[in-house]
Amino acid sequence: MTESFRRSGEYDYDDPQGPYSQSQGYSAPVNPEWPPPPAYEPTAASPLPATGPEPEPRRRRARGSVALLAAVAIVAAAVGGATAYGFQELAGKNDVTATGTSTAVVPAGKKGDVAAIAAAVSPSVVEINATLDNGSSTGSGVVISSNGEIVTNNHVIAGAQSVKVRTSDGHSYTADVVGTDSSKDLALIKLQGASGLRAATLGDSSSVQVGDSVVAIGSPEGLTGTVTSGIVSALDRDVTVPTDESQAQGQGGDGSWPFQFGGRNFNGDTGSSTTTYKAIQTDASLNPGNSGGALIDAAGNIIGINAAMYSSSQQASSSSDAGSIGLGFAIPVNTVKSDLAKLRSGGQN
């Protein structure tokens, strides 16, 4: 391929007649008044000096390089529209797929399409069932690596004697608790014997704006893979949640996770041992069991881990009124990413 760049007819230095050969083959009338032609042939044009520039071949080679680079750029752009999960699997890595900016998890033409987002992200959201001393706890989790690392809320697995996980395709696994951080209400669990799972793409919560469209996926009341949608209704809400293990097990009187906002307790008393974090507020419907599930932006990136929802006191006494009233809170994904190293190291607090 690189042996020669010469096309047919270019630089035909092998012609013994030189560039004037055509003129010698031309027969024209001879005027007697004109002087006779010289007795020698015109000197053939000498090839370009060896030390001189080689403009055309070099330019052609440069154009070839530019074309190659352009082709690579086009391929990279095309691949860039796929999920970051694809790169992870092709590279054979199990690390979390995280991005500093939005990544096209769903096709550009499907951005904001709830059905497309659900199809792309639902395989990365699981149902978690924890067996406790005094009962059980049901929540959700987000797959962050293909070998079974899952992020959830600390209050979902706090005090658990055993943890079972069911994926969106119906497979069940036993999970080990790797690390917990009650100060951020986060936990990392790891499925036993899992491989080839679809890891979610962690986005950038610093770019989230009020009014952005969002989708929530989780297992409210054990209804695996439930999808709801809404908008980001507020940012940087100071949400206070309990860190005491027994309080985490007890949860609120109506089955919802107790939390505190603006000095008021919601869904039960948070107790004396608490922690406060900045939360994303959403009106996407969240219900008990959504805790630990995914809050997703219009491009399919995880921007938060759903953690708390408000239920009025009247809802606790009437099942017909039970459900979300449009006040849910999620832990920003940047908080999750900054805490992963600690969780993976086995931190327990």
Test log, rule side-chain contact (heavy atoms from CB on, under 4.5 Å), inputs Ile128 and Val163: CA-CA 7 Å; Ile128 298 174; Val163 179; 3.8 Å; yes

Asn154/Asp181 under side-chain hydrogen bond (donor to acceptor under 3.5 Å, both in side chains): CA gap, chis, key distance, verdict: CA-CA 7 Å; Asn154 177 64; Asp181 188 348; over 6 Å; no

Working for side-chain contact (heavy atoms from CB on, under 4.5 Å), residues Ile302 and Val121: CA-CA 9 Å; Ile302 308 299; Val121 184; 4.0 Å; yes

Test log, rule side-chain contact (heavy atoms from CB on, under 4.5 Å), inputs Gln161 and Asp133: CA-CA 7 Å; Gln161 296 177 330; Asp133 287 334; 2.3 Å; yes

Full working for side-chain contact (heavy atoms from CB on, under 4.5 Å) between Asn290 and Met309: CA-CA 9 Å; Asn290 270 114; Met309 48 81 62; over 6 Å; no

Evaluation steps, side-chain hydrogen bond (donor to acceptor under 3.5 Å, both in side chains), between Thr174 and Lys164: CA-CA 5 Å; Thr174 297; Lys164 299 291 185 181; 2.8 Å; yes

Stepwise side-chain hydrogen bond (donor to acceptor under 3.5 Å, both in side chains) test for Asn287 and Glu221: CA-CA 7 Å; Asn287 292 285; Glu221 305 294 354; over 6 Å; no

Evaluation steps, side-chain hydrogen bond (donor to acceptor under 3.5 Å, both in side chains), between Thr138 and Asn129: CA-CA 5 Å; Thr138 299; Asn129 291 283; 3.1 Å; yes

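Atoms CG and OH, on Leu186 and Tyr277 in that order, are 8.5 Å from each other to the nearest 0.5 Å. If you take CD1 on Ile150 and NZ on Lys190, they are separated by 10.0 Å, rounding to the nearest 0.5 Å. Remark: Phe329 CZ to Leu286 CG distance equals 9.5 Å, nearest 0.5 Å. Rounding to the nearest 0.5 Å gives a distance of 11.5 Å between CD1 of Ile144 and CG of Leu197. A distance of 12.5 Å separates OG1 of Thr131 from CD1 of Ile157, quoted to the nearest 0.5 Å. A distance of 11.5 Å separates CG in Leu343 from CD1 in Ile189, rounded to the nearest 0.5 Å.
Residues meeting the side-chain contact (heavy atoms from CB on, under 4.5 Å) test with Lys278, sequence neighbours left out: Asp236, Asp238. The side-chain hydrogen bond (donor to acceptor under 3.5 Å, both in side chains) check on Ser213 picks up nothing, with sequence neighbours excluded. The side-chain contact (heavy atoms from CB on, under 4.5 Å) test applied to Asn153 returns His155, Val156, Asp185, Ser291, Ile305, Ala307, Ile331, not counting sequence neighbours. Under the rule for a side-chain hydrogen bond (donor to acceptor under 3.5 Å, both in side chains), the partners of Thr167 that lie at least two apart in sequence or sit in another chain are Asp169. Applying the side-chain contact (heavy atoms from CB on, under 4.5 Å) criterion to Ser219, with sequence neighbours excluded, gives Glu127, Ser140, Thr224. In this structure Ser122 satisfies the side-chain contact (heavy atoms from CB on, under 4.5 Å) test together with Ala118, Ile217, Val227, sequence neighbours excluded. Residues meeting the side-chain hydrogen bond (donor to acceptor under 3.5 Å, both in side chains) test with Thr240, sequence neighbours left out: Thr276. For Gln209, there are no side-chain hydrogen bond (donor to acceptor under 3.5 Å, both in side chains) partners two or more places apart in sequence or in a different chain.
The hydrophobic cluster containing Ile231 does not contain Ile117, counting ILVMFWY residues as joined when their side-chain heavy atoms lie under 4.5 angstrom apart, directly or transitively.
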Residues 106-116, side-chain donor-acceptor partners within the protein, below 3.5 Å, at least two apart:
from: Asp113; atom 1: OD1; to: Ala115; atom 2: N; distance (Å): 2.9
from: Asp113; atom 1: OD1; to: Ala116; atom 2: N; distance (Å): 3.1

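Scanning both residues, Ser338 and Thr335, for their nearest heavy atoms gives OG-O, 2.9 Å. Heavy atoms only, all atoms of each residue included: Ser207 and Asp204 are closest at OG-O, 2.8 Å. Closest approach of Arg166 to Ser172, counting heavy atoms only: CG-OG, 4.2 Å. Closest approach of Ala119 to Pro123, counting heavy atoms only: O-CD, 3.5 Å. Of all non-hydrogen atoms in Leu191 and Ala175, the two that sit nearest each other are CD2-CB, 3.8 Å.
Side chains of Ser195 and Asn147 form no contact here, defined as non-hydrogen atoms less than 4.5 Å apart. Between Leu188 and Arg344 the shortest side-chain heavy-atom distance falls below 4.5 Å. Side chains of Val215 and Thr228 form no contact here, defined as non-hydrogen atoms less than 4.5 Å apart.
Through direct or relayed side-chain contacts under 4.5 Å between Ile, Leu, Val, Met, Phe, Trp and Tyr, Leu295 connects to Val208, Val210, Val214, Val232, Leu235, Ile280, Ile303.
Judged by distance alone, with hydrogens and angles left aside, the side-chain atoms of Asp176 form no donor-acceptor pair with the main-chain N or O of Val178 at under 3.5 Å. In this structure, the side chain of Asp283 does not engage the main chain of Gly230 through any donor-acceptor pair within 3.5 Å. Using a distance-only test at 3.5 Å, with no hydrogens or angles considered, a donor-acceptor pair links the side chain of Thr275 to the main chain of Ser183. Between the Ser124 side chain and the Arg198 main chain, a donor and an acceptor come within less than 3.5 Å of each other.
The residue from Asn301, Val333, Val151 that alone fulfils the side-chain contact (heavy atoms from CB on, under 4.5 Å) condition with Leu202 is Val333.
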